[in-house]
Amino acid sequence: MEKEKLLRIEDLVLHFSTTHGAVQAVDGVEFSLDYNKAVVILGESGCGKSSLAKAILRLLPRNIAKYSGKIYLGDTDIMLLSDETFRQDVRWVMLSMVPQAAMNALNPVIKVGDQVAEPAIIHLGVKKDEAMRMAKEMFQRVGVPEDFLSRYPFELSGGMRQRVAIAMALVTLPSLIILDEPTSALDLLTQANIFNVLKRIKQELGTSYILITHDIATSSELADDVAIMYAGQIIETSDAMRFFTEPLHPYSKLLMASVPRLRADADPIFITGQPPSLISLSSGCRFAPRCPSRFDKCDQDPPTADVGGRKIKCWLFS
Amino acid sequence: MAQANPSIPLGGGVEEVKKKSKIDSNNTLVRVAKYTGLRIITLGITVIIGIYLTILIANMGGYVDEIRRAQIREDVGARVAGNPTMRNLPAEVKRQKIAEMVAIEEKRYGMDQPFITRSARYLGNAIQLNLGYALKMNSNSGSKLVRNILLERLPPTLLLFATADIILFFISLFFALALSRQYGSFFDKVLITLTPLSSAPGWFYGIFLILIFASMLKILPFGGMVDAPPPKTPFLYFLSLMKHMILPVLSLAISKIFIQVFSWRTFFLIYSSEDYVDMAKAKGLTSRDIERRYILRPTLPTIITSFALLIIGIWTGGPILETIFNWPGLGRTFYQAIGQFDTPVIIGEAVIFSYLLAATVFLLDIIYAIVDPRVKIGGESSSI
Amino acid sequence: MKSLKKNFQELLKYPSAVVGLILVLVLVAISIYAMVTIPYNEAIILWRGGEDQWYRNPKYALPKWVNYFRKDKLPESIALSTIDHPEYKTVETNEDGSAIITIEIPFEYNYEILPVDLMIRFTSNFQEKAPFISVSWIRPDGEKIRIKNLSISPKQDYRVSQDKDLQKKLGGNKIEVGLFTDYKNDPKTIEKGKYTLKIEGATFEKDSDFDAEFIAYGKVAGLGGTDHLRRDLIVALLWGAPIALAFGLLAAVGTTLTQMIIAALGTWFGGWVDILIQRITEINLVLPFLPILIMIGTFYSRSIWVILTAVIILNIFGTGIKTFRAVFMQTKETPYIEAARAYGASNTRIIFSYMVPRILPMLIPQFIILIPSYVFLEASLAVLGLGDPTLPTWGKVIDEARANGALFQGWYYWVIEPSILLMLTGLAFAMLGFSLDRIFNPRLREM
């Protein structure tokens, strides 16, 4: 019998309407996540990763062309909930987020302590003192000194701000945190520190992560599962161990080969061509134009095959 | 700033940090005080320069000198008339005596000195509102001192413009917020269509309002501050005052409100596309909370700057608005002084407007400092 | 920046821009028309008024065209002179040089409303003995009323309507009632038809002569109505346009360009230049702009050129500098400027190829939107009584209207006509400017 999964996404679609046409940013995404696990969504810039985060969190802009699919948290399809119910029961209760550049994501005129305490007051119904106490505790966990509670975002360094953002995402102890490029704006040392914090929290609090990034190297530390995203679709899901030793999808292979390694003899390989524009997408396999293994069947949209628990969207495996 | 080692939870070093935070809060107070003090000094210098420029411009035609000379002559004349021995001298001798005394006084006041010293003297006097005597005008209490005339007319001006400013501020804020929620809606488009109306100043609409409501419909007064004769009871006086304030305030409102609502609503729209607003939404805040804390609060400094410019613009149009509505304030006095070529009053008006403008800027600076934490903490020194 | 044509096409999509543009063109057309039909010097002379310019007009009269909207037409003024119509005059000279001169001035009166005032202007020339005349009034039914006998000086205005003796003669009624109605029976109905003013006179010297001009002041006159000096407002209404446009444009362009240059200098040289400019801007903010202008206007000169210069000088360190400076700062620090300098581009090239195209989208809407404020500023000064004394501007007309109690007396046209023109000018440039700003500087792009 299958254990209940924390998260199950089925056929998630998010299209934006622009003056040039509909941008099919998220086009039938499917993956799932167990409790207390971290999945890394890897992909190039412009493949729709950030839109995926927005789609899950229901942070929709005004120009929506299409938004559909199923998102199961436990046994509830949160797509079906009204906006108000979503706001009260899902936001920051079940799901929270650590944004990319915390400087822009923190309100410049409110003290960071207040901002971290805010969700606790709203969702847990605690009073201000109690919420500040919880914020202080989270600060400790992520390694931010207590007196920073009364500071403003512009007084903090980049690394500190990111930690504050993590503390803020944790304060209501949600089951799932979505991290959108959490360290891309930071230097390597701070990056490593942040990932240590994330690892520790996963251990101590049992949180699950969806980590969206293009940084393969650092994310491999944290990942239990890997999902590769290309042109709005998930083309391979796998557990991290097997993925990093043997990627299956041609794109995954090229992706891994493009990572420079310290002790490898071969130079990194570049993937020729450009990712397709998300506006005018062909009907066949979206990677086919750049794929070294393409063949005639690739003119049709490949099905997702199950290869020993891993899912591959490629004709080579169907 | 103390950077804790990220892998070790805080333990030692907490005491250090606690001490530092106490020093910091004292520092905040010191910083705010420093900021206020600095602004007072800067504005003070600005006022001095402004008044000096006024004196320069006025004295290029020799008018300020003239005022001084006239004052001297008047003082000497009064002294002679009040002195029993001198009063009864024959005309020729008296004239000579007066001329001598005038010469002495002029020397005493440095009238023979170069312009720099003279003007510095005037400046000193002007700053203290020691503006001499009016030529023809009087204050209501009969005093001819320019200072008294002007200070007497100050409260009505303040009343009218402060009321108009406050009403404009809150109504504009309300509508700007409301419209920023409905971008592209019908009312939004109506607003955009109406913004060009703000190209006309308040007094212009004043003329039309008088035409319609006072001349044609006869339901509101033509002008003035209260009915004449003024009502006896404070309550009726208050009502009469309100009735007379309607048209002038309405004129100002029509002139300024559309562009204010439009620019603030644009600010709100721009600020609402900031990342932290999305973050607030993700955190599950209600729309009202988001609007209040994540859109309005951060935009407040910009709004205050914009409002400051508006107020300064309103001050500029003051004389004409008051003239049109016959409002007994500084502006109308200015108009009367021009008509009677009462030089001391004209110059005095320019000086007092300098003060008023500086006071406005200062007030708004303080509010700005309270609202923008970067100023409080001493990040960047921003000011209007 | 997109090409001119593309920008223009996009501009046409905004209705307010189209309306604004049309209005601007209308104003320009009016200005050209004014300058062509009434050359500048003539306009000044006309506007100065005086005895001989406008005496044929009534005071405070509505414009002629209101009669289109009325069933009972308001009477227009009638002015008939023997100088223009020598056929009215017959001269019988005697041998000794004296003469009998008979003047008959006919006119039709078919209005339902009486004229406001009646006057006869006599001009005569003689050495010692003035001509002696007898004035009579012939009604349509033939009845002749003796009005007055008098001897006339070289220039004499006989105000018929103020003649008390005549009034007594006509039963104590108003002169116009007496002359135009059968007042004994029905003073309310005007006798319509042909009237004649008959002047019989004698001159006593050789070459002595006299002329007469009969004026029946109506209630409408001119294309713009008349003011307290009997001037046809149309002169000021027409000429107000080029003056307003010129003042507004010169002031707006002058200030905006200068501000841009100052901001550019500040960002280019940086250091103390920049700081100095910022300090001056702060001081300028607190300078009481209008009071200083008022001082200049009262103490020195109200000439529009002096005022224009003062306005520009007082405004060049205004807040516009901050906006320009922000754009310049942004441009200066962009990588492509650095790259341009690295490959050795001259300063001129950098300025004209890179900075100017960045600044133009800000500059053009800015100065167009400023034009109305300067137009209204000129009007403001006029309303305070500090307008240029010789120029016919809209603000001047409003000022005179107010000073002569137009609002109390119900002479609304006097206020409304110049006000509408002012408003249209303001709206025209504001609408155009705002639309341009929305096109050039779309701040809400993604929405």
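Throughout, protein chains are lettered first and strands after them, A, B, ... in sequence-line order, and every chain is numbered starting at 1. No hydrogens, no waters, no symmetry mates; every other heavy atom, side chains included, goes into these values. Bear in mind the structure is a predicted one, so any value in this text is a computation, not a measurement.
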Among Leu357(B), Leu43(B), Ile312(B), find the one that has a side chain to side chain contact (heavy atoms under 4.5 Å, CB included) with Leu285(C).
->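 For Leu285(C), the side chain to side chain contact (heavy atoms under 4.5 Å, CB included) test succeeds with only one of Leu357(B), Leu43(B), Ile312(B), which is Ile312(B).
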State, to 0.1 Å, how close Thr298(C) and Phe341(B) come at their nearest heavy-atom pair, and which atoms those are.
->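 Shortest heavy-atom separation between Thr298(C) and Phe341(B) comes out as O-CE1, 3.2 Å.
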Phe222(B) vs Phe408(C) aromatic rings, parallel, tilted or perpendicular, using cut-offs 30° and 60°?
->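 Plane angle between 30° and 60°, so tilted.
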With only heavy atoms counted, which part of [X] is less than 4.5 Å from chain C, the side chain, the backbone, both or neither?
{"X": "Thr42(B)", "value": "side chain"}
{"X": "Ile212(B)", "value": "neither"}
{"X": "Tyr205(B)", "value": "side chain"}
{"X": "Phe353(B)", "value": "both"}
{"X": "Leu211(B)", "value": "both"}

From CG (Leu53(B)) to CD1 (Ile283(C)), nearest 0.5 Å |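 CD1 of Ile283(C) is found 8.5 Å from CG of Leu53(B).
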Derivation of the side-chain contact (heavy atoms from CB on, under 4.5 Å) call for Ser199(B) and Phe429(C) = CA-CA 9 Å; Ser199(B) 57; Phe429(C) 287 104; over 6 Å; no
Within residues 293-307 of chain C or reaching into it, pairs that qualify as salt bridge (charged side-chain N to carboxylate O under 4.0 Å, His left out) - sequence neighbours excluded =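 Checked against salt bridge (charged side-chain N to carboxylate O under 4.0 Å, His left out) - neighbours excluded - no pair reaches residues 293-307 of chain C.
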Would you please name every residue forming a ring pair (Phe, Tyr, Trp, His ring centres under 6.0 Å) with Tyr300(C), sequence neighbours left out?
->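 Once residues adjacent in sequence are excluded, Tyr300(C) has no partner under the ring pair (Phe, Tyr, Trp, His ring centres under 6.0 Å) criterion.
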